[in-house]
Amino acid sequence: MGRQWGPAMRAAEQTGCVVSASRAGHPEAGSWSCSGVILSCNPGLVLCHGGIFTPFLRAGSEALTAAAAAILPGDSCGDDLRLHVQWGPTVASPAACAELGRPGLCTPQC
Amino acid sequence: ASLEPGPPDPPVRPLGRPLQPPRPAELLLLLSCPAFRAHFARLFGGEAAEQWRFASAALDDEVSEDDEEDQLRALGWFALLRVQPDQEAAEERGPALAGASLGAVPKGAPLLACGSPFGAFCPDIFLNTLSRGVLSNAAGPLLLTDARCLPGTEGGGVFAARPAGALVAFVAAPLCWKAREWVGLTLLCAAAPVLRVARAALGNLYPSAAARLPSEVGVPRDVPLRDPGPLWAAAAVLVECSTVWGSGVAVAPRLVVTCRHVAPRETTRVVVRYFTPKSVAVWGRVVFATQETSPYDIAVVSLEEDLDGVPMPVPAERFHEGEAVSVVGFGVFGQACGPSVTAGILSAVVRVDDTPVMLQTTCAVHGGSSGGPLFSTRSGDLLGIIASNTRDNNTGATYPHLNFSIPITVLQPALQQYSRTGDLGSLRELDRAAEPVRVVWRLQRPLTEAPQSKL
């Protein structure tokens with residue numbers, strides 16, 4: 001990538017992360033995950049997509065389309081929500097991937 | 001390796017750096033950008049809604065209606081989390097992140113997306129994968145890019161080359177399908193308005209944290225709903241012919257070229273809209289359209305008044321496979337926005353008797369782009385007219401990134417003659433294209449020579 005991309009590459013590599021959401025005590029319920037951006041290291045602030053929280057909303061996803069809502073407080077989600085953030089180069093071991101991962105990605109030969 | 005079973009070596013990420021476990025986090029708040037949701041409702045709601053899918057999975061994957069409803073409701077929503085501070089990381093990381101002001105990045109500008117396909121499935125392999133594209137279109141904070149993103153990259157950051165390394169947007173929906181066609185574009189929400197909502201909300205809850213959010217950089221332009229993008233892109237026009245609409249390109253102050261399947265019948269009156277950047281409508285009349293039997297899907301519209309302020313493109317004389325190219329067309333948003341810009345390379349130039357008769361590109365081209373211009377990104381020269389993309393009749397799959405254009409060198413002499421003399425003779429020659437040219441546009445192999453009889 002040309003020199004012009006240096007700052008963007010650094011910003012991307014240093015702020016990119018993944019966020020996974022699961023239900024306390026119910027690992028079999030699976031987990032939801034998405035990507036995110038580290039906005040600040042100290043205090044640690046991460047912004048990610050809201051889609052992974054819909055299964056945990058006390059009032060259901062309808063709360064997201066309530067007319068005026070632009071913000072919902074953190075306690076809009078149930079207490080059983082467990083969140084984890086991973087960022088480079090810190091990631092779980094492959095074994096942990098198996099638990100977290102979605103089944104069945106494969107690499108068919110072209 | 002020692003004989004004694006020691007602790008397993010920590011798995012090494014391709015970068016060769018030791019890995020650490022994930023960190024617990026706490027949800028501070030869910031936040032959305034009302035302007036994004038309003039533009040989304042305007043552009044993708046109403047009667048257009050049934051055409052659009054923003055699946056986080058492939059179109060045919062089993063996604064329950066409830067889940068799909070949830071995904072659609074959450075599309076413009078983001079979450080702010082608090083993570084235990086990581087002092088070491090804080091020291092390691094470079095300068096604080098900056099957010100690009102809304103409108104600071106023009107249409108057509110290159111973008112870098114960073115996300116993790118399939119989320120936390122296997123970060124060893126997929127964490128922070130990069131993808132490049134351009135800003136294809138903008139309607140307020142609702143942005144489109146042709147950088148290809150996959151499920152799991154929702155929430156990932158999109159960065160600009162200028163302002164250097166600025167955070168431009170967050171991925172809102174990586175896969176967009178229109179009328180069951182994958183359109184090869186990714187839906188983004190501009191970062192600046194989301195960060196403003198976060199700053200206001202945090203200001204009440206955690207003032208010290210609010211101060212740590214990225215500041216804005218870049219000259220905030222009041223984003224015209226129709227940012228014209230690169231200068232040469234302004235030559236792209238919208239052509240409305242009764243209920244059909246498509247794209248076109250101005251080739252002279254009162255002459256527009258489009259596709260025959262957009263404006264099929266001569267003498268028909270059409271409306272041509274151009275955006276410089278305000279939207280202006282001009283009446284015109286189809287003065288020429290090739291026959292159905294012609295391989296060249298072309299129509300020419302003569303306008304009743306000049307295209308004010310529209311830069312006339314320079315027609316290219318040569319084509320260089322592999323060169324960076326851009327397509328400008330009204331696919332996806334049609335009349336509701338200015339044209340979209342998608343980027344790629346000139347992937348093939350098909351010649352008959354050493355004369356270019358077909359161009360192929362890797363740009364994302366979809367319904368509504370027909371008739372639009374193909375430009376050389378470097379010079380801004382007009383290379384051709386977009387005619388079609390590719391569908392596999394066996395599977396029904398559409399490939400937006402394989403598309404076909406008519407080289408401008410095929411049309412230019414005839415257009416010049418018509419402009420000078422009003423004589424359609426040269427344009428009529430397009431109906432008499434040689435058989436090898438017809439074979440090419442039927443996507444068959446040009447016969448190199450007549451098969452020899454064995455007798």
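Order of the sequence lines fixes the chain letters, A, B, ..., with proteins taken first and strands second; residue numbering starts at 1 for each chain. Atoms considered below: every heavy atom in the structure, side chains included; atoms not considered: hydrogens, waters and symmetry mates.
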Non-hydrogen atoms of chain A under 4.5 Å away: do they reach the side chain of [X], the backbone, both or neither?
{"X": "L195(B)", "value": "side chain"}
{"X": "L72(B)", "value": "neither"}
{"X": "A164(B)", "value": "both"}
{"X": "P110(B)", "value": "both"}

For [Y], is there any backbone N or O sitting under 3.5 Å from a side-chain donor or acceptor partner on [X]?
{"X": "T153(B)", "Y": "P117(B)", "answer": "no"}
{"X": "T15(A)", "Y": "A11(A)", "answer": "yes"}
{"X": "S40(A)", "Y": "P43(A)", "answer": "yes"}
{"X": "N128(B)", "Y": "G16(A)", "answer": "yes"}
{"X": "R23(B)", "Y": "V85(A)", "answer": "no"}
{"X": "T186(B)", "Y": "A147(B)", "answer": "yes"}

Among [options], which residue has the highest count of heavy-atom pairs closer than 4.5 Å to chain A?
{"options": "G155(B), G76(B), A198(B), P214(B)", "result": "G155(B)"}
{"options": "G157(B), A209(B), P34(B)", "result": "A209(B)"}
{"options": "A201(B), A113(B), G156(B), G99(B)", "result": "G156(B)"}
{"options": "V197(B), L213(B), L111(B), V158(B)", "result": "L111(B)"}

> Where along residues 24-33 of chain B does a heavy atom come under 4.5 Å of chain A, listed by residue number?
Replying inline: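 Residues P24(B), A25(B), E26(B), L27(B), L28(B), L29(B), L30(B), L31(B), S32(B) are the ones that qualify, each having a heavy atom under 4.5 Å from chain A.
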> So which part of I52(A) gets closer than 4.5 Å to some heavy atom of chain B, the side chain, the backbone, both or neither?
Replying inline: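 No part of I52(A) comes within 4.5 Å of chain B.
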Top contributor to chain B contacts, counting heavy-atom pairs under 4.5 Å, from [options]:
{"options": "G50(A), S35(A), C48(A)", "result": "S35(A)"}
{"options": "P73(A), S61(A), A63(A), S76(A)", "result": "S61(A)"}
{"options": "G60(A), G36(A), C77(A)", "result": "G36(A)"}

>> Please report the interatomic distance CD(E69(B)) to CG(L64(A)), rounded to the nearest 0.5 Å.
In response: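 So the gap between those two atoms works out to 10.5 Å.
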>> Around atom CZ of R162(B), are there more than 12 heavy atoms from other residues, nucleotides or ligands closer than 6.0 Å?
In response: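 Atom CZ in R162(B) is not crowded, with 12 or fewer foreign heavy atoms closer than 6.0 Å.
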>> Just checking F53(A) against W77(B), ring centres under 6.0 Å apart?
In response: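 So the answer is no for these two rings.
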>> For F78(B) and H49(A), I'd like to know if the aromatic rings sit close, meaning centre-to-centre distance below 6.0 Å.
In response: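 Yes, the ring centres sit under 6.0 Å apart.
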> When the ring planes of F118(B) and F121(B) are compared, do they come out parallel, tilted or perpendicular, using 30° and 60° as the limits?
Replying inline: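 The rings of F118(B) and F121(B) stand perpendicular, inter-plane angle above 60°.
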> Is the charged tip of R82(B) near the ring of Y206(B): under 6.0 Å from the six-membered ring centre and within 45° of its axis?
Replying inline: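 Flagged: R82(B) positioned over aromatic ring of Y206(B).
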